[in-house]
Every structure is written in structure tokens, then in C-alpha cells.
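Below is one structure; the comments refer to it alone.
Reminder, nothing fancy here: chain letters follow the sequence lines and each chain counts from 1.
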Amino acid sequence: MLDMGFVRSNLALVEEKLRARGADPAALLGDFRSLDQRRREAITQAETLKARRNELSQQVGALKRQGQDATALMDETRALKDKLDELDKTAAALDDEMRLALSRVPNLTRDEVPEGKSEADNKTVKEWGAKRSFDFEPRPHWELGEQLGILDQERAAKLSGARFAVYYGAGARLERALISFMLDLHTAKHGYTEVLPPFMVNSKSLFGTGQLPKFAEDLFRTSDADAEAVARGEFKDADHWLIPTAEVPVTNLYRDEILDEARLPIAFTAYTPCFRAEAGAAGKDTRGIIRQHQFQKVELVKFVKPEDSEAEHEKLTRDAEEILEALELPYRRVLLCTGDTGFSSAKTYDLEVWLPGQGLYREISSCSNFEAFQARRANIRYRAGGAKGKSEFVHTLNGSGLAVGRTWLAILENYQQADGSVMVPEALRPYMGGMERIVRQP
RNA sequence: GGAGGGAUGGGUGAGCGGUUGAAACCGGCGGUCUUGAAAACCGUUAUAGCUGAAAGGCUAUCGGGGGUUCGAAUCCCUCUCCCUCCGCCA
């Protein structure tokens, strides 16, 4: 969420930044100036009357203590009541309207983010690794997986419908090995603390990271979650939604807390399954396991001081890249343009892995700096310089380190052999019980 | 699921419906003293909104929401969470 005072005094800049995203400032902010003014007027009116009421009530108390008659004052105060109720209601309604409007406004992108409309305008800032050359036609992972007997999409569809997968034998083991490998590297080498959060969260948490209220249709919810209430801006602390990413529970760990400056930066890594409705993606990526309703991911989350967030963003992105490098998977780093940057993010790098079976790069990690956008929504602050310092919003960051399912399929496509077997990357062999090659399962 | 108890500032913890935004203690910060430190003593120490050039003023906040009342941390209803006991259970 943007700061109301900031929007008020930088309206032109905010509108320009929203246009750069391809958003319509008028639709998002409406008549911000008018709403802002009406809100403040209503608050001032209501509060003036409240001050009068409080003053009279105190006088009533003083008279009563002296044993004198106070009915005249009591009548006067009672007469204020209807007017006060009305003013209070108006003020509260306008305040709610303002908050809901602001909660639907995306973050402002940083100045170095290239302007553009779609992923076509993203900027490749780095390429790593040599693409393997094959003396045969490399095949896509869905063919390799099915023929090796480690991937079963047909039975998954029977169990759960489209966009689910069943893994067997070395395939299941490979997924588990990747999770352990990633967590071990991030904790031992990059200094992250492993955390295992709940896989269901309440709507308040989803508001905190920015998925609600705007993106409810992308989420799976349970029977106690009320989508209509959420649309009205009511967020409960006792309903249940499936997490679309570990970013949600992990970032919300410190919701409504004030952190000690000395504790920053805080770095967490978490393995969780992720659940996404993929509502707007009908018919997209239907082959293979690129786009699933459930996939596994190892996530990186950081809480940092504002002045450190840019450097921490670079570091976090490097931490994700090192997984790809350790697995010797060619990739490129892409700086997302304004139009492709996510709702809550000020700046995002995507890491795209090379998939020779399909002859294209695919996103395998997305590393974002949210600056204070999430911290303001989730009320995550830190206090600088002991008790004297004023509390300030932290900056939050996160990135995939990595999407496990996509790493799995990248290994199949990059390490495939002419006979359809798949070599196990060296770094992964200890996690696979020493297995060097995945061959057809019985 | 049943019965009971609880939720107060950074922490512990008081609080007859009426100068209680809130005692006291701890912690933090500033100071006195000291060569320095400790101790002792003194002072200070919440958040947000509205208003104001500023100083300041006003409003709200004692888990969330609603109600009673001239007036609510205090009374009533409701929700959430925590604790104890019982039941069920991986």
C-alpha cells in the first residue's frame, strides 16, 4: 500500500508511475483529491463535535461530584447524539473508501525499471552457462517423464483434474532431493534460517502481502473464506486460504510487530507447496508440468532496513542464481519492465532457465524488492537507535530459490541422453543415494 | 465438541462508570554525581488521524466488532486468540 500522505503530495508522480505500468490512474485513484478532501472534512467535523461532547460530559461529572443537578447539561449532550452518529458514520465510510481505494493501487516501480508494456519489453541483464549441444533431437520433459515411468499426468487428472502431477520412484526422489539441496545451500552457505510455515493462511495475511483484495480469483479458498466480504475490504483473522507461495506466511510472521534494529536483516528460507487457481490461464501451458495448481517451491524472504534493500535484493537474486549454477543449468537474468512487474513489487528480476526440449527460456525464479509496500499493509516496523528512535517500516524482499517443479523438469530436459535416460547433476547425487542416472522405472 | 479462566503500553502488572492515555516496577533515553564506570538520585519514554507556518490543540486506541450511558479499560452482547480440565484424535 502506498502512503496516503505521499500520494496526496506527489499525485502527479504517482499518476505517472501508474501509467508506466499500463494502469489507468483515473480508474485506480478515482477523484483522489476530492475523496481526500471530503474524508478530511468529515473527520474534522465529527471530531469537533466529539470534543464538545467530551467537554460537556466532564462538566456533568464535576457537577455530580459536587452533588449538584446536571440534567440540563445531560440533555444538551443527549441532543448532540444523532448528529454525532451521522457525522461519525460519514467519516468512517469515507475513511474506509479511501483505504480500500489505496489497497488496490499497485506499488510504484523504481526509476531504473525499464518502461514497457509486456514481457517483450523486459531487459536481459545477464546470461550464464553454455547450452548443451545434443546429437539427437532433445525431447520435452513430459515425454521423458512418462517414458521413464517417473511422471504420471493421466492418473493425476483422474485424482484431481487438470494441472496436477503424480511422481514415482526416482522422480519423487528427485523432487525431494531438490528441496533438501536448496534448503541446505541457503541455510549453510547463504545464512538463511529455515522455517516451516502453515500451508493455509487467513485473509489478513493475504492482504498483508498484497494478494487480497485484488487477486482473490487466483487463490484457492476453504469453506470459511468469504470472497464477497473480502471485496468489501473486510479481512478476517480466522478464515482459511491455501497459500499461493511461502511469501505469504513467512512475510506475515512479523505482521503488527516492531523489530529491533539489531535483528535486521532477517533472512528466512521456506519449503512449501503452493496452490494457485490459475484462473486467467485457461488453455495456457497445458503440456507438461510447467503450470500446475499445486507445485513445490523453496522461497527466500528478507526483512531489511530501507537503506539496505537495494543491495539485499541483488544478494538475494545471487542466492537463487547459485542454485542454478550448482546444478549447471544455463539461465538468464531478466529485469522486468514496468508493465510486467507484479502488483506489490518496486523492482523484480526473473531468472529464466534454458529448456532445450522446448527450445526456450522459462521463468524459474522471481526475485522482488517490495520496499515498504508490504510492510505498510502488514504493519511491520523496526525501531532505529533504541527507544528514542521513531519506528519505521521495514523493507521486505522475496524470491524463489527455486521453483522445485520447474527445476525438476529443467534437469530432465538439460540432462537427457540419447537413450531417454537422464543424468543426475553431480551436486544432487548425495541427495539421491548416489544415483548417477535415472533410467526407466519398472 | 463440553466446562471454566484470561487478553491492559517495549516487558511484568494495577486499575469503585467520571481530570486514567492509563498506577507501580523493569527496560530504554537524557542528566546530576564520578578520572571513568557502577550505584544512587532527577527527568523523560505509545501509536495513528485531523488541525496548525510552528509551538501546540483536538480525536481515537486497554485483543477485534457492536451495544448501554451525558460519560466505558471498567457494564452487556458477539467474534478471535491463549490457558486449565473433560471428550475425540495423527
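Closest to the A:T44 side chain, of the nucleotides B:rU51, B:rG71, B:rU80, is B:rU51. Counting only heavy atoms from C-beta on, A:A238 has its side chain closest to B:rU80 among B:rC50, B:rG18, B:rU80. Side-chain atoms of A:R8 lie closest to B:rC50 of the nucleotides B:rU80, B:rA60, B:rC50. Closest contact between the side chain of A:A51 and the listed nucleotides B:rC58, B:rG71, B:rC50 involves B:rC58. Closest approach to the A:R78 side chain among B:rC58, B:rC70, B:rC50 is made by B:rC70 (side chain taken as heavy atoms from C-beta onward). When the nucleotides B:rU80, B:rA60, B:rC50 are ranked by their closest atom to the side chain of A:K50, B:rA60 comes out on top. Here the side chain of A:K64 is nearest to one of B:rG18, B:rA60, B:rU69, namely B:rG18. In this structure, the nucleotide among B:rU59, B:rC50, B:rU80 sitting nearest to the side chain of A:R40 is B:rC50. Taking the side chain of A:K81 as heavy atoms from C-beta on, and the options B:rC50, B:rU69, B:rC70, the nearest nucleotide is B:rU69. When distances are taken from the side chain of A:M74 to each of B:rC50, B:rC70, B:rU59, the shortest belongs to B:rC70.
The local environment of CD in A:E307 is crowded, with over 12 non-hydrogen atoms from other residues, nucleotides or ligands closer than 6.0 Å. Other residues, nucleotides and ligands contribute at most 12 non-hydrogen atoms within 6.0 Å of the CZ atom of A:R33.
From A:R53, atom CZ reaches atom CG of A:L80 across 9.0 Å, with rounding to the nearest 0.5 Å.
B:rU80 and B:rC16: their C1' atoms are spaced 30 Å apart (whole Å). With C1' as the reference atom, B:rA23 and B:rC76 are 27 Å apart, rounded to whole Å. Across the P atoms, B:rA24 and B:rU44 are found 11 Å apart, a figure rounded to whole Å. Rounded to whole Å, the C1' atom of B:rC62 lies 11 Å from the corresponding atom of B:rA72. With C1' as the reference atom, B:rA46 and B:rG28 are 13 Å apart, rounded to whole Å. Rounded to a whole angstrom, the distance from the C1' atom of B:rG13 to that of B:rG6 is 14 Å. Comparing the C1' positions of B:rG4 and B:rC29 gives a spacing of 44 Å, expressed to the nearest Å. Of the C1' atoms belonging to B:rA60 and B:rG71, the separation is 16 Å, rounded to the nearest Å.
Side-chain contact, A:E312 with A:H395: no donor N or O sits under 3.5 Å from an acceptor N or O. A donor-acceptor contact under 3.5 angstrom links the side chains of A:R255 and A:S205, judged on distance only. Side-chain atoms of A:T209 and A:E247 include no donor-acceptor pair closer than 3.5 Å.
Within 4.0 Å (heavy atoms only), A:R38 reaches no atom of the nucleic acid at all. At the heavy-atom level, A:T77 lies under 4.0 Å from the strands shown only through sugar-phosphate atoms. Among the atoms of the strands shown, only primed sugar atoms or phosphate atoms (P, OP1, OP2) are found under 4.0 Å from some heavy atom of A:R381. Nucleic acid contact for A:D95: none, since no nucleic acid atom lies under 4.0 Å from a heavy atom of the residue. Within the 4.0 angstrom heavy-atom criterion, no nucleotide atom of any strand lies near A:K236. The residue A:L56 sits apart from the nucleic acid: no heavy atom pair falls under 4.0 Å. Using a 4.0 Å heavy-atom criterion, one finds that A:R52 contacts no nucleic acid atom at all.
Across the interface with RNA chain B, nearest-nucleotide mapping of A:D3 and A:V60 shows A:D3 to be the residue nearer the 5′ end. Nearer to the 5' terminus of RNA chain B, by closest-nucleotide assignment, is the contact made by A:L73 (compared with the other of A:L73 and A:D237).
Nucleotide B:rU68 is matched to nothing when pairs are restricted to Watson-Crick or G-U wobble geometry with both distances under 3.5 angstrom. Across every strand in view, B:rU80 sits in a pair with B:rA7 that passes the Watson-Crick or G-U test at under 3.5 angstrom. Nucleotide B:rU74 is matched to nothing when pairs are restricted to Watson-Crick or G-U wobble geometry with both distances under 3.5 angstrom. Nucleotide B:rC29 forms a pair with B:rG43, judged by Watson-Crick or G-U wobble geometry with both contacts under 3.5 Å. Pairing of B:rC58, defined by two Watson-Crick or G-U wobble distances under 3.5 Å, is identified with B:rG49. In this entry B:rG21 has no Watson-Crick or G-U wobble partner, no candidate having both defining distances under 3.5 Å. With a cut-off of 3.5 Å on both Watson-Crick or G-U wobble distances, the partner of B:rC85 is given as B:rG2.
Summarising the geometry, the separation between CZ on A:F393 and P on B:rU47 is reported as 12 Å, rounded to the nearest angstrom. Computed from coordinates, the A:L80 CG to B:rG71 C1' distance equals 13 Å when rounded to whole Å. Following rounding to the nearest Å, A:E76 (CD) and B:rC70 (P) show an atom-to-atom distance of 14 Å. Between the C1' atom of B:rG18 and the CD atom of A:Q66 lies a distance of 13 Å, rounded to the nearest Å. Taking atom CG of residue A:D256 and atom C1' of nucleotide B:rG10, one finds them 15 Å apart after rounding to whole Å. Atoms CD (A:E392) and P (B:rU47) sit 13 Å apart, rounded to a whole Å. Whole-Å rounding puts the A:L94 CG to B:rC50 P distance at 13 Å. Protein atom CG of A:D82 is 14 Å distant from nucleotide atom C1' of B:rC70, rounded to whole Å.
For the OP1/OP2 pair of B:rU80 and a distance below 4.0 Å, the side-chain nitrogens and oxygens of A:N202 include no atom meeting the criterion. Using a 4.0 Å cut-off, no side-chain N or O of A:N54 falls inside it from OP1 or OP2 of B:rG71.
In this structure, A:I150 and A:W408 have side chains that are in contact, with non-hydrogen atoms separated by less than 4.5 Å.
For A:F220 and A:F275, the gap between ring centers reaches or exceeds 6.0 Å.
Nearest heavy-atom pair, A:S400 versus A:A320, reported as atom, atom and distance to 0.1 Å: O-CB, 3.5 Å.
With hydrogens and angles ignored, no donor-acceptor pair under 3.5 angstrom links the side chain of A:Q58 to the base of B:rG71.
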